[in-house]
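Read the structure below first, then the notes.
All values derive from a computational prediction rather than experimental measurement.
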Amino acid sequence: MIRIEAVEDYTPCHALRREVFIEEQGIPEPEEWDDLDDEAIHLLAREGETPLGTARLIRKGETGKIGRICVVKSARGTGLGAAMVNDACARFKELGCTRAYLSAQVYAIPFYEKLGFAAYGEAYDDAGIPHRDMEKAL
C-alpha cells in the first residue's frame with residue numbers, strides 16, 4: 001500500500017529529485033537546490049520503505065505553492081502523481097489557504113488540468129524546460 005506523508009527528514013525527497021530532475025531530465029544541480037527546502041513541507045510517497053514520489057509545499061499567506069513534484073519512472077501512470085497533488089491541496093486547505101499554484105512543465109499541463117488547475121500567463125524557460133504557471137481555487 002502506498003502512503004503519502006509529510007516528513008521531517010527530507011533526505012529521501014532529495015534523492016528522488018536528484019534521480020528525476022538532475023539525472024533523468026538533465027537539470028543542472030545548482031538550479032535544483034535552493035534555500036527554500038528548510039521552510040517547506042516535504043511530502044514523501046512510499047510503498048513500504050521504498051520512496052516513489054515527492055513534492056515540496058510552501059505556504060505564502062492564503063496561497064500554497066506546490067513544487068518539485070516528481071514520481072519515479074516505475075510508478076508513473078499509476079495515479080500516484082495525482083494523489084500527491086490532491087494531498088498537497090488538501091493540506092493547504094487545512095492550513096487556511098484559498099488557492100494553490102504550481103509551475104508546470106508545458107507537456108504536463110493536461111495532467112494538471114484534469115486535477116482542476118488552469119494555466120495562466122505566458123510560457124517561460126525554467127532550467128531549459130518550458131513551463132507555465134497554473135492555479136486552482138481550494
Tightest non-hydrogen contact, residues Ile66 and Ala100, listed as CD1-CB, 4.4 Å
Have Asp9 and His42 got a donor and an acceptor in their side chains that come within less than 3.5 Å?
no
Nearest 0.5 Å, please: how far is CG in Leu52 from CG in Leu44?
8.5 Å
If the threshold is 4.0 Å, N to carboxylate O, is there a salt bridge linking Asp34 and Arg68?
yes
Between the side chain of Lys136 and the main-chain N/O of Leu115, is any donor-acceptor distance below 3.5 Å?
yes
All heavy atoms of Leu102 vs all of Ile69, minimum pair found to be CD2-CD1, 4.4 Å
Is there a continuous path of hydrophobic side-chain contacts, each under 4.5 Å between heavy atoms, that joins Leu43 to Leu138?
yes
Do Pro28 and Phe21 come close enough that some side-chain heavy atom pair is under 4.5 Å?
no
same_hphob_cluster(Tyr124, Val106) at 4.5 Å side-chain heavy-atom cutoff
no
Taking the side chain as everything from C-beta on, heavy atoms only, tell me whether Ile41 gets closer than 4.5 Å to Leu95.
yes
Does some side-chain heavy atom of Cys13 sit less than 4.5 Å from a side-chain heavy atom of Val7?
yes
Would you call Tyr120 and Tyr101 a side-chain contact if the rule is heavy atoms closer than 4.5 Å?
yes
Thr54 and Pro12, any side-chain heavy atoms less than 4.5 Å apart:
no
Lys/Arg-Asp/Glu bridge criterion (N-O < 4.0 Å) met for Arg17, Glu32
yes
Within the side chain of Asp125, is there an N or O that forms a donor-acceptor pair under 3.5 Å with the backbone of Gly128?
yes
Hey, are the side chains of Asp38 and Tyr10 touching, using non-hydrogen atoms and a 4.5 Å cut-off?
yes
Donor-acceptor pair, distance only, cut-off 3.5 Å: does the side chain of Ser103 make one with the backbone of Asp133?
no
Drop me the distance from Lys65's NZ to Glu135's CD, to the nearest 0.5 angstrom.
13.5 Å
Could you tell me whether a side-chain N or O of Arg76 sits under 3.5 Å from a main-chain N or O of Val71, the two making a donor and an acceptor?
yes
Are Met84 and Phe111 linked, directly or through intermediate hydrophobic residues, by side-chain heavy-atom contacts shorter than 4.5 Å (ILVMFWY only)?
yes
How about Phe92 and Arg99: do any of their side-chain heavy atoms sit closer than 4.5 Å?
no
Rounded distance (nearest 0.5 Å) linking atom CG of Leu57 with atom CG of Leu36
12.5 Å
Taking all non-hydrogen atoms of both residues into account, name the closest pair between Arg59 and Gly61 and its distance.
NE-O, 3.0 Å
Salt-bridge criterion met for Arg18 and Glu29 (N-O under 4.0 Å)
yes
Check whether more than 12 heavy atoms from other residues, nucleotides or ligands sit under 6.0 Å from atom CD of Glu24, and answer yes or no.
yes
Ionic contact status for Arg46 with Glu5, cut-off 4.0 Å:
yes
Quick one: does Tyr112's side chain get under 4.5 Å of Val85's, heavy atoms only?
yes
Hey, is the main chain of Gly121 close enough, under 3.5 Å, to the side chain of Arg132 for a donor-acceptor pair?
yes
How long is the span from the CD1 atom in Ile2 to the CD atom in Glu47, to the nearest 0.5 Å?
5.0 Å
Using modelled atom types only, decide if a donor and an acceptor are shared between the side chain of Asn86 and the backbone of Ala82 within a distance under 3.5 Å.
yes
